[in-house]
Amino acid sequence: MAKNHGARIAKNLVDPARPIKARTVAVAGVGGAAALAAIVGAGLWFEGVWRGEPYPVADPAASSRRIDERTQTVYDALALPDARLDTERSGVGAEAKGYGCHRRGMRNWGEGLSASPSSEPHVVNVSYDWTLRDVPHDRAVTALQHAKKELTREGWKVVSYDNNRHWLRLKVAPPEGNASVSVTAYPAGRLNVVGYADCARYPEGTPLDDSGDPELAQMRAPVQLRG
């Protein structure tokens with residue numbers, strides 16, 4: 001009796017609802033599909049590595065307006081009512097240049113070894129800077145610490161802060177967007193403020209100036225010192 005019972009159990013284990021051959025074919029099909037998916041996935045991954053991560057798309061004029069607003073916010077946070085604009089070192093506007101936006105991907109790895117690698121066409125980073133004067137070092141330390149506190153309270157992130165014999169520099173990033181601002185103290189009471197946006201591809205049809213660079217918005221910060 002026990003022998004017959006064991007035989008029935010064994011039969012149930014090896015005799016499912018469909019034949020073994022059909023199950024084998026189904027398993028092989030699933031395995032083949034998984035292998036094909038893995039090959040396709042590997043191919044897409046390699047293509048991405050070969051081409052490199054694409055640059056985001058951004059309107060340079062809009063980026064320049066954001067930078068203008070953010071450098072104004074930083075100026076307000078510095079709380080330097082006695083400082084003056086150094087007109088000799090302060091530019092009249094923003095710049096959109098592509099020489100720092102290099103071509104990406106393994107297909108261009110050789111250019112990374114060059115002293116002057118090629119830039120990606122139609123990709124630029126936007127920057128804008130101005131300099132304050134009449135800011136002695138001790139006052140600059142106080143101003144940067146005050147700006148750290150105020151901007152953090154407004155949701156900005158402190159990327160770095162250096163106060164040593166080499167640098168007095170604060171770098172901050174706003175809560176949203178890709179534009180950052182750095183403030184650096186230099187000898188002779190100069191305080192340089194630089195706003196910049198990461199490299200981005202400008203849309204087709206973007207207006208260009210006589211030099212072939214994208215046209216940017218008129219910059220005004222800091223408005224209190226522009227007259």
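These values consider heavy atoms only, across backbone and side chains, with no hydrogens, waters or symmetry-generated copies.
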> Any idea which heavy atoms bring Ala217 and Ala61 closest together, and the distance?
Replying inline: CB-O, 4.0 Å
> Are any side-chain N or O atoms of His137 and backbone N or O atoms of Gly189, one a donor and one an acceptor, separated by less than 3.5 Å?
Replying inline: no
>> Closer than 3.5 angstrom, by distance alone: can the side chain of Asp68 be matched with the main-chain N or O of Ala221 as a donor-acceptor pair?
In response: yes
> Looking only at heavy atoms, what is the nearest atom pair of Trp156 and Pro175, with distance?
Replying inline: CD1-CD, 3.9 Å
> When rounded to the nearest 0.5 angstrom, what is the spacing between CG in Leu85 and OG1 in Thr131?
Replying inline: 8.0 Å
>> Is the shortest side-chain heavy-atom distance between Trp167 and Tyr186 below 4.5 Å?
In response: yes
>> On a heavy-atom basis, which atom in Ala197 and which in Ile67 lie closest, and how many Å separate them?
In response: N-CD1, 3.8 Å
> Got a sec, which pairs hit salt bridge (Lys or Arg N to Asp or Glu O under 4.0 Å) with one end in residues 132-150, sequence neighbours left out?
Replying inline: Glu150-Arg153
> Taking all non-hydrogen atoms of both residues, which atom of Asp198 and which atom of Asn125 are closest, and how far apart?
Replying inline: C-CB, 4.1 Å
> Is there a side-chain contact between Tyr75 and Val193 (heavy atoms, below 4.5 Å)?
Replying inline: no
>> Could you tell me if Asp76 and Gln224 have a donor-acceptor pair between their side chains, going purely by distance under 3.5 Å?
In response: yes
> What pairs of residues pass the salt bridge (Lys or Arg N to Asp or Glu O under 4.0 Å) test when at least one of them lies in residues 154-183, not counting sequence neighbours?
Replying inline: Arg70-Glu176
>> Please give me the minimum heavy-atom distance between Ser182 and Tyr196, naming the atom from each residue.
In response: OG-CE2, 4.1 Å
> Okay, side chain of Glu95, backbone of Val126: is any donor-acceptor separation there less than 3.5 Å?
Replying inline: no
> Do you know the tightest heavy-atom contact between Pro60 and Thr206?
Replying inline: CD-CG2, 4.2 Å
>> Looking at Asn192 and Trp130, would you say the former's side chain and the latter's main chain have a donor-acceptor pair under 3.5 Å?
In response: yes
> Is the side chain of Arg226 donor-acceptor paired with the backbone N or O of Met219 at a distance under 3.5 Å, no angle test?
Replying inline: no
>> Can you list everything that forms a side-chain hydrogen bond (donor to acceptor under 3.5 Å, both in side chains) with Asp86? Sequence neighbours excluded, please.
In response: Arg89
